[in-house]
Amino acid sequence: MNDLEERLRAALDARAATYEASPTAWTKVQQRAGRRRWAWPVILAALPVALVAVLVPVLLNGGLDRQTVTASPPKPTPVGQALVIDNPAENRPMRLWYATDHKGLLVFCRAVQYAGDAPHTVCGGDVGAQAMKSVGWFEGTTQSVPPRESVLDYGGARLDVATVTAVTKKGTRVAGAVHRPSGAPFKIWTVVFPDTDQVTAYEFTATDGRLLSRVARPFAMPPEAEQGEPAGDATKVAGLSVRPYKTPDRTLIWSLDGRELGLNHSAKELLRNMGGKPMDVDLQVNGGRWFGIARPATAKVELVRKDGKVLRAAVKQDPWKFGVRLFAGEEAVSGDLYLEGFTLVGYDSGGKELWREDHPADKPAWDPHPPIGEVVTIGEAKVWFSKVTLADGRTWDGLCRSLPGKKTTCDAFRPVGAHYARRLPDLGKTAIGVAGTGITQVRAEKSGAKGTIHAPAGAPLKIWTVPYPGGTETFDLRDAEGELGMAIGGEPPSGCSVSPPVGPAATLAGGVTVTYQDDCLIMWQGEQQFTVEMRDFEDATYTYGHEVFAGIAIKGTARVEMVFDDGSRLSAAATTPDPWGLGLTLFSTPATKIEGGHLVIGYDAAGKELWRLD
């Protein structure tokens, strides 16, 4: 068996071990023309015929010991809320949740939306049986053929699990996140890592750092090497390399600098879909490059973006006499073509249009930030309340905002009473924040501008807005009797978000968690937070109080000491490299606050002073 077949079989075996296929799976595969990536059912087409003959019945029957299902069983009933998380492989959110199936078994479900395709929902096997064997278990992955840059692995965990860490073949460790969706009977863990990393195991620990379990990853894609028996020499199109292989039928594999980008494949003819119907074009998009194959008479290919910009492709007759034209965009594209929508057009040598494919903008299959209560319009923005899951799995209230042409952002907060108020990053020239149900009026003290209190129907809190001229301002929020609820002063918030970050969270001594997003580091201790904007960072920064001495320092810092005026010292000897590749060191130690002056000094492993903060 060649290496490509090994890689495809590894992907298939993993999914066969963790997914229970729908009885209508094969019908749906046949109906899906021109899939841009090979997920597990599509991989069947590239496997040896003998292997397909064995595996197709197994998958369609749900396993070796199951009988063929002739009618679709009722959909599983969700248990608790779904976790909505970004899928880095598709640049779209995916949903993970628990449910009970028609047999009363607790199952793990996932719903994935592929770029340019409909969402696909699958529920797996008996979660109870998994939880009996291990405190944490693997449920699935977004790893695929061809590869994407980042992979998301995910699974379930018992309630005593606090952290999850991926361990690679080289021994490096990648921190993940453990989530507890509201009402869910078990936790859900997720880890994002580069596709080039070969993750071999996962470690699950308790809140005190004690190792609870180490679980092997069920599979890993074999390394990219030779892709089997070539069916011809490679050729170049607009800087991309494309070569045919026998796996066992014709497959064209596209690559850039040795990294696979995409493939065109069919069981018999390249320009036929999985149902056997002829196609005009088979487009692939990966890493900003667009390429593929088209009808043999095609002499020119254009991609028309939503804004009207026309991108042109280099077109080349295939040198292997397969009866197709090869094309690849002469320039890379930014953004997500399928989210924006586009049109692909092919012309003959005389300029006559031969074919046209319209790709309307992908509509979200589900709302990653579903509104709680009414959505409020403030200028061009849409604003609403939602629930926000933090990196450590806690769920807080959040205020989300959506502006034309910009990604939706959410700020999380924890209200403490009817007179609670908080200011959030400005909305253009408008100061905005949230307030408890007792707040009825707001104004800016310095400018005298009177604000507006918005009370969305069905929402848990209120929203306040005030025209904001800039500079330092204090906002006075009161209740119906005119009693002061809260005065919020100072410069506007930096814009650092406390919503779920991109990347893992780091856990430090003293119950401190550090997350990273939008060029900001946010240090949490319980419900207290300390935010660092990286643009203002130099050698180090720290927080001292709430029974902890913690901070961030430049790479190479091995020990941090706080020296008091009376000569006493507080030392944070345990340091942790940041997991986001920023080249920083994180430190934390429990501490009792001592009043008085002090300075902070950072040392390297040999005891040499690297920096000091007076």
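Note that this is a predicted model, so its numbers are computed, not measured.
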K.L.:
Working note: R401 + T409, criterion side-chain contact (heavy atoms from CB on, under 4.5 Å); need CA distance, chi angles, decisive distance, verdict.
P.N.:
CA-CA 6 Å; R401 61 182 75 191; T409 59; 3.3 Å; yes
K.L.:
Quick one: pull up CG in D362 and CG in D336 and give me the separation to the nearest 0.5 Å.
P.N.:
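The CG atom of D336 is 7.0 Å from CG of D362, to the nearest 0.5 Å.
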K.L.:
Please examine the side chains of F108 and L96, heavy atoms only from C-beta on, and report whether any two atoms are closer than 4.5 Å.
P.N.:
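In contact.
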K.L.:
Taking the side chain from K187 and the backbone from L159, do they hold a donor-acceptor pair closer than 3.5 Å?
P.N.:
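Yes; at least one donor-acceptor contact below 3.5 Å.
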K.L.:
Rounded to the nearest 0.5 Å, how far apart are NZ of K75 and CG of D101?
P.N.:
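Separation between the atoms: 15.0 Å.
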K.L.:
Would you name the heavy atoms of E139 and G156 that are closest together and state the gap between them?
P.N.:
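Heavy atoms only, the tightest pair is CG-N, 4.0 Å.
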K.L.:
When you measure from the side chain of W384 to the backbone of H369, do you find a donor-acceptor pair of N or O atoms at a distance under 3.5 Å?
P.N.:
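A pair under 3.5 Å: yes.
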K.L.:
So how far is it from K387 NZ to I372 CD1, rounded to the nearest 0.5 Å?
P.N.:
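The NZ atom of K387 sits 5.5 Å away from the CD1 atom of I372.
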K.L.:
Closest approach of A166 and V191, non-hydrogen atoms and distance?
P.N.:
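In terms of heavy atoms, the two residues are closest at CB-CG1, 3.9 Å.
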K.L.:
Report yes if the side chains of Y98 and I188 come closer than 4.5 Å at any heavy-atom pair, otherwise no.
P.N.:
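Yes, side chains in contact.
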K.L.:
Donor-acceptor check, side chain of T190 to backbone of Y154, threshold 3.5 angstrom: yes or no?
P.N.:
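It does not hold such a pair.
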K.L.:
Just verifying a value: how many Å separate L508 CG and T513 OG1, rounded to the nearest 0.5 Å?
P.N.:
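Output value for this atom pair is 7.5 Å.
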K.L.:
Which heavy-atom pair separates Y338 from R92 by the least distance, and what is that distance?
P.N.:
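Between these two residues, the closest heavy atoms are CB-NH2, 3.5 Å.
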K.L.:
Give, for atom CE of M94 and atom OG1 of T121, the distance between the pair rounded to the nearest 0.5 Å.
P.N.:
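Taking CE in M94 and OG1 in T121, the distance rounds to 10.0 Å.
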K.L.:
Only one of V178, L211, D160, V164 clears side-chain contact (heavy atoms from CB on, under 4.5 Å) with F204; which?
P.N.:
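The single option meeting the side-chain contact (heavy atoms from CB on, under 4.5 Å) with F204 is V164.
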K.L.:
Flag the pair E260 / I253 as yes when at least one side-chain heavy-atom distance between them is below 4.5 Å, and no otherwise.
P.N.:
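In short, these two side chains touch, coming nearer than 4.5 Å.
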K.L.:
Are any side-chain N or O atoms of E90 and backbone N or O atoms of Y114, one a donor and one an acceptor, separated by less than 3.5 Å?
P.N.:
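No, E90 side chain to Y114 backbone: no donor-acceptor pair under 3.5 Å.
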K.L.:
Of the non-hydrogen atoms in F186 and A157, which two are nearest, and what is the gap between them?
P.N.:
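Smallest heavy-atom distance, with atoms named: CB-O, 3.3 Å.
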K.L.:
Check L152 against I85 and note the closest heavy-atom contact, atom names and distance.
P.N.:
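In this case the closest contact between L152 and I85 is CD2-CG2, 4.3 Å.
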K.L.:
Is R210 paired with D208 through a side-chain N to carboxylate O contact shorter than 4.0 Å?
P.N.:
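So D208 pairs with R210 through a salt bridge.
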K.L.:
Would L399 and I432 count as a side-chain contact (heavy atoms from CB on, under 4.5 Å) here? Give the steps.
P.N.:
CA-CA 10 Å; L399 187 71; I432 185 172; 4.3 Å; yes
K.L.:
For V548 versus S588, what's the shortest heavy-atom pair and its separation?
P.N.:
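V548 and S588 have their closest heavy atoms at CG2-OG, 3.5 Å.
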K.L.:
Could you go step by step and tell me if V199 and V174 meet the side-chain contact (heavy atoms from CB on, under 4.5 Å) rule?
P.N.:
CA-CA 9 Å; V199 173; V174 182; 5.7 Å; no
K.L.:
Distance from L106 atom CG to Q130 atom CD, nearest 0.5 Å?
P.N.:
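Reported to 0.5 Å precision, the distance equals 11.0 Å.
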K.L.:
Between Y202 and W189, is the ring centroid distance below 6.0 Å?
P.N.:
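Yes; W189 has its ring centre under 6.0 Å from that of Y202.
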K.L.:
Test: salt bridge (charged side-chain N to carboxylate O under 4.0 Å, His left out). Region: residues 548-559. Which pairs qualify, not counting sequence neighbours?
P.N.:
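Those involving residues 548-559 are R559-E561.
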K.L.:
Partners of T165 by side chain to side chain contact (heavy atoms under 4.5 Å, CB included), sequence neighbours excluded?
P.N.:
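Counting only residues at least two positions away or on another chain, T165 forms a side chain to side chain contact (heavy atoms under 4.5 Å, CB included) with R173.
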K.L.:
Should the pair R422-D411 be classified as a salt bridge under the 4.0 Å nitrogen-to-oxygen rule?
P.N.:
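No, R422 and D411 are not salt-bridged.
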